[in-house]
Amino acid sequence: MTVFDVVLTDASLAVNGGARAVSEALPPMYPGGMRIGAEEEAAVLDVLRSKRLFRYYGPGEAPSKVEELEAAVAEKFGVAHVLAVSSGSIALASSLAALGVGPGDEVIVPAYTWIASAAAVLFVGGVPVIAEVDESLTLDVADVANRITDRTKVILTVHMRGGASDMDGLLELARRHDLRILEDTAQACGASFHGRRLGTIGDIGIFSLQFNKILTSGEGGLVTTNSRSLYERALMFHDVAGSLRASLKETGTFVGTTGRMSELQGAVAGAQLEKLDDILADARRNHAALRAQVAEIATAAGVTWRHQWDPAGDAGIALIGFLPDSARTGQVVTALQSEGVPATRLFNPAITDYHVAYHWDPMIQGRSWSSRTPWDAAPDITRLDPSSCPRTNELLERAIHIDVSPDYTPAQIAQIGHGVNKVLAALLG
Ligand SMILES: *Cc1c(COP(=O)(O)O)cnc(C)c1O
C-alpha cells in the first residue's frame with residue numbers, strides 16, 4: 001500500500017468538519033497592487049496636473065514619466081535598452097517582430113505558460129510549436145532540441161511563477177542552431193539567474209505590468225534588450241509612427257501597430273519599480289519560512305519541490321511541490337483549500353485553464369481570426385498538438401501551487417504551514 005491509497009478521513013481535517021488551520025483572511029495575491037500607496041498617487045497627480053498624458057508630447061515642460069520609467073528599469077536591471085508598452089502581449093509581439101518572426105516561421109514555446117506567449121506568435125504571423133517543461137516548470141532543453149526544424153527562428157522561454165529557466169542550457173542550444181532567445185519574464189519581474197536579471201540574458205526580454213504581476217500599472221509591459229537594432233525594431237512595431245522616431249535607419253523601417261504606454265501607466269509603474277526590492281525580499285523571506293515549516297512532513301509524504309535553476313534568484317512568490325502521483329492530487333488540494341491554504345492544482349483536464357496548452361482549443365483546432373491562418377504558411381504543422389507534450393500534463397497534474405504573498409505576517413505563514421502539515425500528515429495515515 002502506498003500513502004496514496006489512504007483516504008483523507010482524519011476527523012481533525014477542516015474538509016471533514018475539523019477546525020480550519022488558517023483563521024484569518026489572507027492578503028490577496030497582487031504583490032505590487034497591494035502596495036499601491038502615496039507614491040503612486042503623487043506620481044499620477046503629477047501627470048494629471050501637468051496635463052501631459054502622452055509620452056511623446058504635451059503642453060508645458062513636464063518630463064515624460066514613461067521615459068523616466070524606461071531609464072530606471074535600464075539602470076536597475078543592467079540592460080542597455082528598455083521600451084515601455086501597453087501590455088505584456090504587445091511587448092511579446094513587438095519582440096517577435098523585432099526578431100523578424102513572420103509567416104512560415106516557427107517559435108518554440110513551453111506547453112505550460114499563459115496563452116498570451118503562444119498567441120503573440122500567431123499575431124505576428126508565425127506558428128507556435130509547443131515543447132515540454134521539466135521539474136522546473138520551464139522549458140526542457142533536451143525536448144526543445146528535438147523540436148527544432150529548419151523553420152525554427154526563436155526559442156520563447158517563460159520564467160514561470162517567479163523561477164528562472166535553464167538559461168545556460170538554452171543559450172548553448174540557441175548558439176548551436178543559430179536561434180534567438182526571447183525571455184517571457186511576465187511572471188518573474190526582478191528575479192535573476194546567477195546574478196543576472198531575467199529578461200536581460202537572452203536576445204530580448206519582456207515583462208507584463210498587468211494587475212496580477214509582481215509589479216503593476218493595471219495594464220502595461222516592457223521590452224528589454226542590449227541590442228540597439230532590436231530595440232529600434234520593437235519601437236517601430238509598438239508605435240505606428242515609430243519609423244519616424246527610430247534613429248538607426250540602417251535597420252530598415254516598417255510600420256507596426258499602436259501599443260504605446262500612457263503617462264498615467266508610466267507614473268504608476270515608476271513608483272512601483274522603487275518597491276521591487278522590498279517586495280522580492282519579503283516574498284523570498286516568506287517562501288523560505290513556509291518551506292522550512294513544511295519540509296519534514298512533505299518529504300515523508302513523498303513531495304518533491306519544483307526544481308530551481310537558481311534558488312537564490314527565485315522571486316519567491318510561489319511554493320510548488322509535486323505529489324508522487326496524480327490520483328489524490330485533487331483530493332489533497334480540496335483538503336488544503338478547506339484549511340484556508342491558498343493552494344491550487346496546476347492542471348486538471350476537466351477544468352479549462354489557459355495556462356496549459358492542453359486547453360488552448362482555438363490553436364489546437366488551427367483557428368485564427370481569418371479563414372487563412374499562419375498555419376497555411378507552415379505546411380508541416382497544421383495545428384498545435386497538445387498530445388505531443390504528455391510529460392508536461394503529467395507533471396502539472398500532480399503539482400500543487402501555494403501562493404506566497406510578500407504581505408503575509410509570520411502568524412499567517414505559521415497557519416498556512418500548519419494547514420499543509422495537517423493535510424500531508426493525514427495522507428501518511
Ligand atoms: C500575463 C502574462 C503575459 C501577458 O501579459 P499581458 O500584460 O496580460 O498582456 C504573457 N506571458 C505570461 C507568462 C504572462 O503571465
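As the structure lists them, so they are numbered: ligands from 1, and atoms in each ligand from 1. Note: hydrogens, waters and symmetry copies are ignored here, and every other heavy atom, side chains too, is used.
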Mind checking what makes side chain to side chain donor-acceptor pair (under 3.5 Å) contact with Asp376, not counting sequence neighbours?
none
Give the residues near ligand 1 by chain and number, with the criterion being a heavy-atom distance under 4.0 Å.
Ser87, Gly88, Ser89, Leu92, Thr113, Trp114, Ala116, Ser117, Val158, Asp184, Ala186, Gln187, Ser208, Gln210, Lys213, Gly220
Ser64-Glu263 side chain donor-acceptor pair, cut-off 3.5 Å
yes
Between NZ of Lys153 and CD of Glu106, what distance do you get to the nearest 0.5 Å?
11.5 Å
Ring-face cation of Arg52 near Tyr57 (centre distance under 6.0 Å, axis angle within 45°):
no
Going by the angle between their ring planes, with limits at 30° and 60°, are His81 and Tyr231 parallel, tilted or perpendicular?
parallel
Checking Glu135 side chain against His307 main chain: does a donor-acceptor pair fall under 3.5 Å?
no
